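In this text the structure is predicted, and so the values were computed from the model without any measurement. If you read the sequence from its start, that first residue is 1, and numbering goes on from there.
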Amino acid sequence: MKHLKLGATQRLTTYRKIAISSWNRPVDPSTYAWVDLPIADAEAFLKSYVSEVRPTMTHFVAKILAHCLEKNPELNHILRQGKLYRRERTDAYVTTLLKGEGSLDLSGFTLPDVGRASLGELAKISQEAVEALRKGTDDVTARTDKVVASLPALPLRVLMRTQSFFQYTLNLSLRAFGIPDDRFGSFVISNFGPLGLENGLVPLSPYCRCPLMVGMGKAVKKPIVEKDQIVIAECMTISFTFDHRYADGAHGAQLMRLFQKIFQNPTRYAHIFEEKIHDTALPGNPDTA
């Protein structure tokens, strides 16, 4: 007698096969937090921002996060052989939903050196990357889809662990084999608001060695306190998943406090959204923006 009554098997998308090959039983260092933030000032800032390609809330959040990681470097490391090494750059990975063949698949693209790019430059890079993904002309994604489609879950798991071993444990570049260096960078942003989801907690992903995952929900009207009065405002829930092996709750709290301060008053910190300028803020003060 069967233990479970089962139906037909599901057709596995590229990302689903990668996910199945990545995780075993739960042994998870995830620490979750989230915050509801009014978006009126952020939207007004984005509308007034002059650039060739109009930046979105995703780019806005990416720039703030890059700045926060520079102020809180404990969260901008890579874990190798039991040691934490500081990343020299702050790259970000932005997930993108692709539709095709009657199904949905998750892909994404890299925003390089976010801390030194302007908000407008990030918008332009994103536009070109998304267009390439939708047209199927992104070489990295095309190669990944081809390999994943040809392998069952067990061999794929072995391949992914081998890749991780060479790239992260041994710190060897695999560009000669068509595999980009450190594709996922310092943090991953998943904007699921356009899907109608108001909130969500993004899991840490073993194969990308990324200690910070950020989720962006759909903006909805919520009651907030403003000058001791309860008012209704459009708010967005932004969630943070921290890897507890990299830092403690105090580091995450510092990052979130600074994030909220900039998000809610972008005009005051307008310089953060332009090209990187050497700042003279006192070291050791995480709230100095």
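A donor and an acceptor atom, one from each side chain of Thr95 and Ser190, are located under 3.5 Å apart. Remark: the His244 side chain and the Ser30 side chain contain no N/O donor-acceptor pair separated by less than 3.5 Å. Lys124 and Ser118 form no side-chain donor-acceptor contact under 3.5 Å, judged by distance and modelled atom types alone. One side chain, Glu274 or Tyr49, offers a donor N or O that lies under 3.5 Å from an acceptor on the other.
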Verdict with reasoning, Leu172 to Gln167, per side chain to side chain contact (heavy atoms under 4.5 Å, CB included) = CA-CA 5 Å; Leu172 296 176; Gln167 283 194 309; over 6 Å; no
Could you go through the side chain to side chain contact (heavy atoms under 4.5 Å, CB included) check for Trp34 and Ile238 one step at a time?
-> CA-CA 6 Å; Trp34 60 90; Ile238 300 180; over 6 Å; no
Should Leu204 and Cys210 be marked as a side chain to side chain contact (heavy atoms under 4.5 Å, CB included) after you check the CA-CA gap, both sets of side-chain angles, and the distance that decides it?
-> CA-CA 7 Å; Leu204 294 174; Cys210 185; over 6 Å; no
Please assess Asp41 against Asn265 for the test side chain to side chain contact (heavy atoms under 4.5 Å, CB included), listing each intermediate value before the final yes or no.
-> CA-CA 7 Å; Asp41 289 339; Asn265 196 355; 5.9 Å; no
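Using a 4.5 Å heavy-atom cutoff, the side chains of Pro38 and Gln264 are in contact. Inter-residue side-chain proximity for Ile224 and Val231 is flagged as met; some heavy-atom pair is nearer than 4.5 Å. Here the side chains of Thr237 and Lys222 are in contact, with some heavy-atom distance below 4.5 Å. Put simply, the side chain of Ile39 reaches to within 4.5 Å of the side chain of Met57, judged on heavy atoms. Here the side chains of Val188 and Leu212 are not in contact, with every heavy-atom distance at 4.5 Å or above. Side-chain contact check for Ser126 versus His59: some heavy-atom pair is nearer than 4.5 Å. For the pair His67 and Val114, the minimum side-chain heavy-atom distance is 4.5 Å or more. Residues Met236 and Asp36 fail the side-chain proximity criterion, which asks for heavy atoms closer than 4.5 Å.
Across every non-hydrogen atom of Pro211 and Ser186, the tightest pair is CD-O, 3.7 Å. Nearest heavy-atom pair across Asn191 and Thr58 is ND2-OG1, 3.0 Å. For the pair Ala33 and Leu201, the tightest heavy-atom approach, listed with the atom from each and the gap, is O-CD2, 4.4 Å. In terms of heavy atoms, His251 sits closest to Leu75 at O-CD1, 4.0 Å. Of all heavy-atom pairs spanning Pro55 and Ala123, the tightest one is CA-CB, 3.7 Å. Considering all non-hydrogen atoms of both residues, Phe242 and Gly252 come closest at CZ-CA, 3.8 Å.
Counting heavy atoms of neighbouring residues, nucleotides and ligands inside a 6.0 Å radius, atom CZ of Phe192 exceeds 12 of them. When the shell of 6.0 Å around CD1 of Ile230 is examined, it contains 12 or fewer heavy atoms from other residues, nucleotides or ligands. No more than 12 heavy atoms of other residues, nucleotides or ligands shown are found within 6.0 angstrom of CZ on Arg175. For CZ of Arg80, the number of neighbouring non-hydrogen atoms (other residues, nucleotides, ligands) closer than 6.0 Å is greater than 12.
Of the possible polar contacts, one joining the Lys63 side chain to the Ala117 backbone as a donor-acceptor pair under 3.5 Å is found. A donor-acceptor pair is defined here as one N or O able to donate and one able to accept, closer than 3.5 Å; such a pair exists between the side chain of His77 and the backbone of Pro73. Between the Ser48 side chain and the Ala44 main chain, a donor and an acceptor come within less than 3.5 Å of each other. In this structure, Asp248 contributes its side chain and Ala250 its backbone to no donor-acceptor pair below 3.5 Å. Checking side-chain atoms of Thr241 against main-chain N and O of Tyr32 turns up no donor-acceptor pair under 3.5 Å.
Tyr168 and Met160 fall into different hydrophobic clusters, where Ile, Leu, Val, Met, Phe, Trp and Tyr are joined by side-chain heavy atoms under 4.5 Å apart, directly or via other members. Both Leu174 and Phe165 are assigned to one and the same hydrophobic cluster, defined by single-linkage of ILVMFWY side chains at heavy-atom distances under 4.5 Å. Hydrophobic clustering, with ILVMFWY side chains joined whenever heavy atoms are under 4.5 angstrom apart, groups Tyr269 together with Leu37. A continuous path of hydrophobic side-chain contacts links Leu79 to Tyr85 [ILVMFWY only; heavy atoms under 4.5 Å]. When the side chains of ILVMFWY residues are joined at heavy-atom separations under 4.5 Å, either directly or via intervening members, Phe166 and Ile179 end up in a single hydrophobic cluster.
To the nearest 0.5 Å, the span separating CG on Leu84 from CG on Asn76 amounts to 11.5 Å. Interatomic distance, CD of Glu74 versus CG of Leu255, reported as 10.0 Å (0.5 Å rounding). The distance from the CG atom of Leu111 to the CD1 atom of Ile189 is 7.5 Å, given to the nearest 0.5 Å. With rounding to the nearest 0.5 angstrom, the CZ atom of Arg209 is 12.5 Å from the CZ atom of Phe184. Expressed to the nearest 0.5 Å, how far CD of Gln260 lies from CE of Met256 amounts to 5.5 Å. Between the CD1 atom in Ile64 and the CZ atom in Phe259 there is a gap of 5.0 Å [rounded to 0.5 Å].
A salt bridge is absent between Glu43 and Lys47: the closest approach of a Lys/Arg side-chain nitrogen to an acidic carboxylate oxygen does not fall below 4.0 angstrom.
Note: Phe263 and Phe60 meet the aromatic proximity criterion, with ring centroids under 6.0 Å apart. A distance of 6.0 Å or more separates the ring centres of Tyr93 and Phe187. Ring centers of Phe45 and Phe273: under 6.0 Å apart, within the cut-off.
Scanning for salt bridge (charged side-chain N to carboxylate O under 4.0 Å, His left out) contacts around Lys227 gives an empty result, with sequence neighbours left out. Applying the side-chain contact (heavy atoms from CB on, under 4.5 Å) rule to Asp138 yields the partners Ala132, Leu133, Val140, Thr141, Arg183; only residues at least two apart in sequence or on another chain are considered. Residues forming a side-chain contact (heavy atoms from CB on, under 4.5 Å) with Arg89 (at least two apart in sequence, or on another chain): Asp91, Pro112, Asp113.
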